[in-house]
Number of protein chains: 2
Amino acid sequence: MSDSTDVPWLSDDERHAWMALTAMLMSLPPAIDAQLKRDAGINFFEYQILSSLSDAPGHTVRMSQLAHLAAGSLSRLSHAVSRLERQGWVQRRNVDTTEARCVVAVLTDAGTAMIEATAPGHVREARRLVFDALTPEQVAQLEKIGRQLVMSAAPHLSNCLK
Amino acid sequence: MSDSTDVPWLSDDERHAWMALTAMLMSLPPAIDAQLKRDAGINFFEYQILSSLSDAPGHTVRMSQLAHLAAGSLSRLSHAVSRLERQGWVQRRNVDTTEARCVVAVLTDAGTAMIEATAPGHVREARRLVFDALTPEQVAQLEKIGRQLVMSAAPHLSNCLK
DNA sequence: CCAGCGCACTTGAACATTCAACAAGAAGGT
DNA sequence: ACCTTCTTGTTGAATGTTCAAGTGCGCTGG
């Protein structure tokens, strides 16, 4: 009845850490989005789609794989790719092999130009928001902590971190 | 031309840390939301509103202050409070003092019951997702890192961490 | 006193995300 | 061959968030 899963209250240290964590979860994504929205008219999720495509051989990735890489649901991805397609940055194609139900997304030349123009500003913002604010030691700690939390919150994503 | 703000690329260590961080930013909020949605029909933002109200003297907080505590825009808060009002958990009131333009939100009895019923499950999930996955030392590191990142991404919020 | 400005908050429309339903190809058993 | 079931992906409606006005109070300078 009073085993460990039934004694839920947090210690002071834990409460303070929880507050810092949640504040970070609420403030960092909007900050990242703001720069991308302002400078490139896309959000972070769309950036990750374009970026994953641009890293892939042939600038081509299957939808289901792309959903993993961008860490979103297939439905969310499908809507987002539709938006990117409307801008001319991505194209959907049916693979001509045996697997007829598979769809791949391909980065267009315009999309390549777009992501290459956008990346430096995004990286600069990442540096400003995160790396300028932390010591190298903290960066290492953050990576470890991040991996472990992803493992507990979304195990299926942790392979993408490699 | 090549001063430090113009050399934007990340080192390998930084890139790995960035990937772990973003994966965490994308996976933790949905995991927290999922539990609250399933067990209480609210999202994390609404939980924080109710929880902040329940911690406040008189179960009463001004809208603008509440927006800070819940780490959202005033507009987002206003919409969210409208939803909570529709459920009977919160009431808006004009303060009867001199400041006629100020609005406060008050937690109702139903709202109090609701948040008290919901808190244990939420805390249990916080423990499962975060504290069970980290050492006490990492929890301390996370708090420090979180504070510093909030400071750089949303300075106006860092006072709420105290 | 009143004109102008800023603050606190609300509102509605545009936009993004989730959710549940659907379509259609593959795979496996009978 | 046929039925079932799983996987892959799309779609539209419901929900939530952002963005750009808009309202109304209070303050300050002329």
Side-chain angles (χ1 to χ4, degrees), chain A residues 25-27 29-38 40-49 60-87 90-106 154 156, chain B residues 25-27 29-38 40-49 60-87 90-106 154 156:
Chain A
L25 294 178
M26 307 281 292
S27 58
I32 296 169
D33 275 343
Q35 180 271 327
L36 285 171
K37 197 94 208 302
R38 176 166 39 76
I42 59 176
N43 61 28
F44 184 52
F45 185 63
E46 292 163 334
Y47 180 89
Q48 279 185 308
I49 292 171
T60 297
V61 182
R62 275 187 57 177
M63 292 295 281
S64 48
Q65 172 66 8
L66 194 49
H68 268 79
L69 293 173
S73 69
L74 200 44
S75 169
R76 184 183 182 186
L77 177 74
S78 184
H79 285 295
V81 166
S82 297
R83 290 191 302 268
L84 297 174
E85 225 173 357
R86 227 172 288 135
Q87 304 286 330
V90 169
Q91 269 197 359
R92 271 183 244 246
R93 287 207 201 126
N94 286 312
V95 221
D96 34 358
T97 71
T98 46
E99 284 276 342
R101 68 184 155 168
C102 292
V103 177
V104 297
V106 186
H156 58 285
Chain B
L25 294 178
M26 306 282 290
S27 58
I32 297 169
D33 274 343
Q35 180 273 326
L36 285 171
K37 196 93 209 300
R38 176 167 40 78
I42 60 176
N43 60 30
F44 184 52
F45 185 62
E46 291 163 335
Y47 180 88
Q48 279 185 309
I49 293 171
T60 297
V61 182
R62 275 186 55 177
M63 292 294 280
S64 47
Q65 173 66 8
L66 193 51
H68 268 79
L69 293 173
S73 69
L74 199 45
S75 168
R76 185 183 182 185
L77 177 75
S78 185
H79 285 296
V81 167
S82 297
R83 288 190 303 267
L84 296 174
E85 227 173 356
R86 226 171 290 134
Q87 304 287 330
V90 170
Q91 268 196 1
R92 269 183 247 246
R93 288 210 200 122
N94 286 311
V95 221
D96 34 359
T97 71
T98 46
E99 284 277 340
R101 68 186 155 166
C102 293
V103 177
V104 297
V106 186
H156 59 286

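Residue numbers begin at 1 in each chain, while the letters A, B, ... track the order of the sequences. FYI, side chains are in, hydrogens and waters are out, and symmetry mates aren't considered; it's all heavy atoms of this structure.
Residues that satisfy the side chain to side chain contact (heavy atoms under 4.5 Å, CB included) test with A/R92, not counting sequence neighbours, are A/M63, A/S78, A/V81, A/S82, A/E85, A/V103.
Of all heavy-atom pairs spanning A/A80 and A/F45, the tightest one is CB-CE2, 3.8 Å.
Following rounding to the nearest Å, A/F44 (CZ) and C/dT17 (P) show an atom-to-atom distance of 12 Å. The interatomic distance linking A/I42 (CD1) with C/dA16 (P) rounds to 11 Å, in whole Å. One atom, CZ of A/R76, and another, C1' of D/dT8, lie 19 Å apart when rounded to the nearest Å. Residue B/F45 contributes atom CZ, which lies 12 Å from atom P of D/dG16 at whole-angstrom precision. Look at CG on B/D33: it is 16 Å from P on D/dT15, rounded to the nearest Å. When rounded to the nearest whole Å, the span between CG of A/L36 and C1' of D/dT18 equals 16 Å.
A/H68 contributes atom NE2, which lies 10.0 Å from atom CG of A/L74 (distance to the nearest 0.5 angstrom).
Listed by first and then second residue, the salt bridge (Lys or Arg N to Asp or Glu O under 4.0 Å) pairs that reach into residues 62-84 of chain A are A/E46-A/R83, sequence neighbours excluded.
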Q | Letter per nucleotide, 5' to 3', of nucleotides 7-15 of chain C [B base touched, S only sugar-phosphate touched, - untouched; heavy atoms, 4.0 Å] | A | BSBBBB---
Q.
The test is side-chain contact (heavy atoms from CB on, under 4.5 Å); show your working for A/V90 and A/V106 and say whether it passes.
A. CA-CA 6 Å; A/V90 169; A/V106 186; over 6 Å; no
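The only option from A/L66, A/V61, A/I42 that meets the side chain to side chain contact (heavy atoms under 4.5 Å, CB included) definition with A/I49 turns out to be A/L66.
Between D/dT17 and A/N43, no contact under 4.0 Å exists linking OP1 or OP2 to a side-chain N or O.
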